[in-house]
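This report concerns only the one structure given below.
Since this is a predicted model, take the numbers as computed values, not measurements. All chains are named by letter (A, B, ...) in the order of the sequence lines, taking the proteins before the strands, and each is independently numbered beginning at 1.
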Amino acid sequence: MTTEVLTTTGAPLLQVRDLQVTFTTPRGRVRAVDSLAFTVEAGRTLGIVGESGSGKSVTSLAVMGLHRDAEVGGSIALAGQELTALSEKELSRLRGRKMAMIFQDPLSSLHPYYTVGEQIAEHYRVHFRSGRAAARRRAVDMLGEVGIPEPARRAGEYPHQFSGGMRQRAMIAMALACEPELLIADEPTTALDVTVQAQILELIARLQQERGLGVVMITHDLGVVARVAHEVLVMYGGRAAEQAPVDALFADPAHPYTRGLLDSLPRLDDSDDEPLRAIPGSPPSLREPAPGCAFAPRCAQAAAGTAQDRARCADVRPALEPYRSPDRLVACHFAGVPADAAGRTPANVPVPGPATVRPQGTDPDQEVSR
Amino acid sequence: MTTLKPAAGPAPAPADGSAPPLVSVRDLTMTFPGKRSATGRRGAPVRAVDGISFDLAAGETLGLVGESGCGKSTTGRMLVRLLEPTSGSITFDGRDVTHLSQGALRPLRRHLQMVFQDPHSSLNPRQTVARIISDPLLVQGWAAGDARRRAAELMDLVGLIPEHIDRYPHEFSGGQAQRIGIARSLATSPRLVVADEPVSALDVSVQAQIVNLMERLRRELGLAYVFIAHDLSVVKRVSDRVAVMYLGRIVEIGDKKSLYEDPQHPYTRALLSAVPLPDPAAERRRERITLLGDPPSPAAPPPGCSFHPRCPKAQPLCKTERPALTVAAAGPATREVACHFPGD
């Protein structure tokens, strides 16, 4: 299989370096992704976690070369081949064949006028120049492999005749029909019921194991990340907040945002006795990026620091630096310092002052955006 | 702030007959006519809610969980009478409201309010916050000046800045817009608020703010909530009791803590085991019950127990006989389960 080719080149399956994605809008330029770097190895899953505007979906579209109107800077290498230098024609030969993507809403990626089987077969024929009969057989095989009962009959049905879970299976069948090495899954289970989500996550894990797929799983759900990812990239405001192996991230979150997210989640294994520890405020607007840390206005750590600390968080962008072990990176001036930072440094007395401090006793989510 | 207090004090009594329940639902059913096809022929009618019964005490929160199409939203809409039930009854504060006309409902409307999922699409973009929040008061006959003052009070109550009263919804973030929706629902000092997926459209980091806000308001105002959500972790957090719905019926209902710790219905067990935990070590240890297939369509429910085609424990009896919702012999006394073979 194709993974053997990779091991001979020695390059990771996907290597992204210094990725920048900039959109030009009528109201100015927006840098949606900045200074992002990550790798995905064959057979591994990278989970990218973030909220709306964090840049996680923009990143996946950039890797697929699907941003027509954006400037994409930096380097994206698939099995050693640089993608940013390729023409649209060369890219379209790779898309589907070497890397494939599945989306949150399968209906938007399936054509309503063609049967599911025709669409998978078409995809296969384009990349392998096979005959119609062979492509048709391939489509039925793939539908069977992703767990669709009676695949020969279902191949002749239209997308609207499939349920949500079955559509997502069909989309996975189409994505994997040409044996790609990299699968990018952008919130693949967000629109599905939880019992169906469990089925789809299991399916992706099985196919990954059988085929040695590298997977990028983009999600807002930390539970999904904990279930499927080997490595995790936490994004905030278009940048990496933290990158770590999955166990280390959940056991010892280094960035105050990661810690805040984990603390704020209602959990099945929680006693519910105390109020949730909510993160104040809302995710930042990319139109007016802060000069310093994008999370600073919502950060408990920054708020508990001295006036000097707060100024540093607000004005100086923290670099992504190793944290405790070489495979962990975090972008925070005060990474790993306990959040109740009152005793952080001997001379640390919280000073009232700068705008990052909220008046006591008022509710946190009160700033109007713009 | 005393004006914000509803008539009844917060008295979260269990609905076991010790106090008359605020809401009493009996055999509630909602049947929608089938969709018209291109040839003009109607499909089979869809029984979205199929004979459900429960009580809700004043100041209590009932969580309604289930997957898409289980009838939880339809139930919520019937409770506030946005939909008129096909059969069965809804009693609110001792009064049968099942088939009241819109005119007869109006005086009661102030007690029955609703919070919707998508905060921005449930607020009129052309109205200021002042107008949005005071509208329900104007309908109830308040003077404009009083209503505006009340709107400012409510903004403060839900954590918005009252000076922003003349702004428009687009000037607020998603979390703030949901606060406006909550303020509107509280304007008339309701006793029951039905919240249909109030946090699922919000960013993860903002959800906790709204959950905490709703809990605080319940404590301060003695509200009763029906909290509808597909997220079992959020429902566990806010509810006193939880009802699990499947294909228009309640399959299990009971005290929150005991239901989550010791689910009796195979569907509840599968649902809980399917929720991904934000803990990789626990995820690897966990044994998951993976259900096969999708929830069936309410237009063509299976015979017998409607869960039997997906149930890992199904027996021949389950295919023919529909189990009634009763207290299981081996289960906790506060629990009702609709299953022939509940428990392990």
Side-chain angles (χ1 to χ4, degrees), chain A residues 49 51-53 147 149 163-166 191-199 201-202 220-229 246-247 249-251 257 260-272 275-283 285 298 362-370, chain B residues 66-69 156 158-161 164 167 171-176 179 203-213 215-216 230-238 256-257 260 267 270-284 286 288-295 297 310:
Chain A
V49 197
E51 304 179 274
S52 51
S163 69
M166 286 295 158
L192 303 177
D193 285 319
V194 61
T195 59
V196 180
Q197 162 171 287
Q199 297 168 4
L201 293 179
E202 244 162 61
H220 67 281
D221 187 330
L222 287 161
V224 170
V225 168
R227 185 172 290 182
V228 305
V246 68
D247 285 302
L249 184 94
F250 282 86
Y257 173 61
L261 270 188
L262 284 169
D263 281 348
S264 72
L265 287 182
R267 301 170 66 124
L268 284 182
D269 50 2
D270 183 12
S271 66
D272 301 336
L276 294 171
R277 276 180 282 174
I279 303 177
S282 320
S285 153
R298 308 175 70 190
T362 58
D363 207 277
D365 180 23
Q366 61 184 199
E367 266 172 44
V368 173
S369 56
R370 277 184 292 113
Chain B
E67 301 183 283
S68 47
D156 186 47
V158 299
L160 294 166
I161 299 172
H164 295 168
R167 295 193 179 186
E171 297 177 79
F172 295 85
S173 70
Q176 293 162 338
R179 287 171 196 263
D203 271 314
V204 181
S205 72
V206 177
Q207 291 188 5
Q209 298 170 8
I210 299 299
V211 167
N212 283 348
L213 171 67
E215 292 205 303
R216 173 167 67 78
H230 70 282
D231 185 330
L232 288 129
S233 317
V234 173
V235 167
K236 170 171 166 290
R237 159 60 61 171
V238 301
K256 180 246 317 240
K257 192 160 181 295
Y260 275 79
Y267 178 62
L271 207 54
L272 284 171
S273 90
V275 178
L277 299 176
D279 179 347
E283 273 294 322
R284 280 191 292 270
R286 263 175 120 194
R288 275 194 287 279
I289 311 166
T290 305
L291 292 180
L292 301 174
D294 301 290
S297 156
R310 302 176 78 197

* Asked: When rounded to the nearest 0.5 angstrom, what is the spacing between CG in B:D231 and CG in A:L268?
  -> 8.0 Å
* Drop me the distance from A:L276's CG to B:I210's CD1, to the nearest 0.5 angstrom. => 12.0 Å
Looking only at heavy atoms and a cut-off of under 4.5 Å, which of [options] has the most pairs with chain B?
| options | result |
| --- | --- |
| A:G260, A:S52, A:A198, A:A229 | A:S52 |
| A:D270, A:L265, A:V225 | A:D270 |
| A:G53, A:S163, A:P149, A:G165 | A:S163 |

May I ask you to decide if [Y]'s main-chain N or O and [X]'s side chain share a donor-acceptor pair within less than 3.5 Å?
| X | Y | result |
| --- | --- | --- |
| B:D294 | A:G164 | no |
| B:K236 | A:D272 | no |
| B:Q209 | A:G281 | yes |

Residue pair [X] / [Y]: nearest heavy atoms and the distance that separates them:
| X | Y | answer |
| --- | --- | --- |
| B:S233 | A:P266 | CB-O, 3.3 Å |
| B:V204 | A:H220 | CG2-O, 3.4 Å |
| B:P276 | A:Q197 | CG-NE2, 3.2 Å |
| A:Q199 | B:L291 | NE2-O, 2.6 Å |

By a 4.5 Å heavy-atom criterion (distance strictly below it), what part of [X] contacts chain A: side chain, backbone, both, or neither?
| X | result |
| --- | --- |
| B:N212 | side chain |
| B:V211 | side chain |
| B:K256 | side chain |
| B:I289 | neither |
| B:E67 | both |
| B:S297 | neither |
| B:S205 | both |

* **More than 12 heavy atoms from other groups under 6.0 Å of CZ on A:R267** => yes
Top of [options] for chain A proximity - count of heavy-atom pairs under 4.5 angstrom:
| options | answer |
| --- | --- |
| B:P295, B:A282, B:P278, B:S273 | B:P278 |
| B:L272, B:V238, B:V275, B:L292 | B:V275 |
| B:A281, B:G174, B:G293 | B:G293 |

* Structure fact -> Sorted by chain and number, sequence neighbours left out, side chain to side chain donor-acceptor pair (under 3.5 Å) with B:Q207 holds for none
* Asked: Heavy-atom distance under 4.5 Å to chain B: side chain of A:L249, backbone, both or neither?
  -> neither
* Looking at side-chain heavy atoms only, is the closest gap between A:P283 and B:V206 below 4.5 Å? -> yes
* To do: Decide yes or no on side-chain contact (heavy atoms from CB on, under 4.5 Å) for B:H230 and A:V194, but give the supporting numbers first.
  => CA-CA 8 Å; B:H230 70 282; A:V194 61; over 6 Å; no
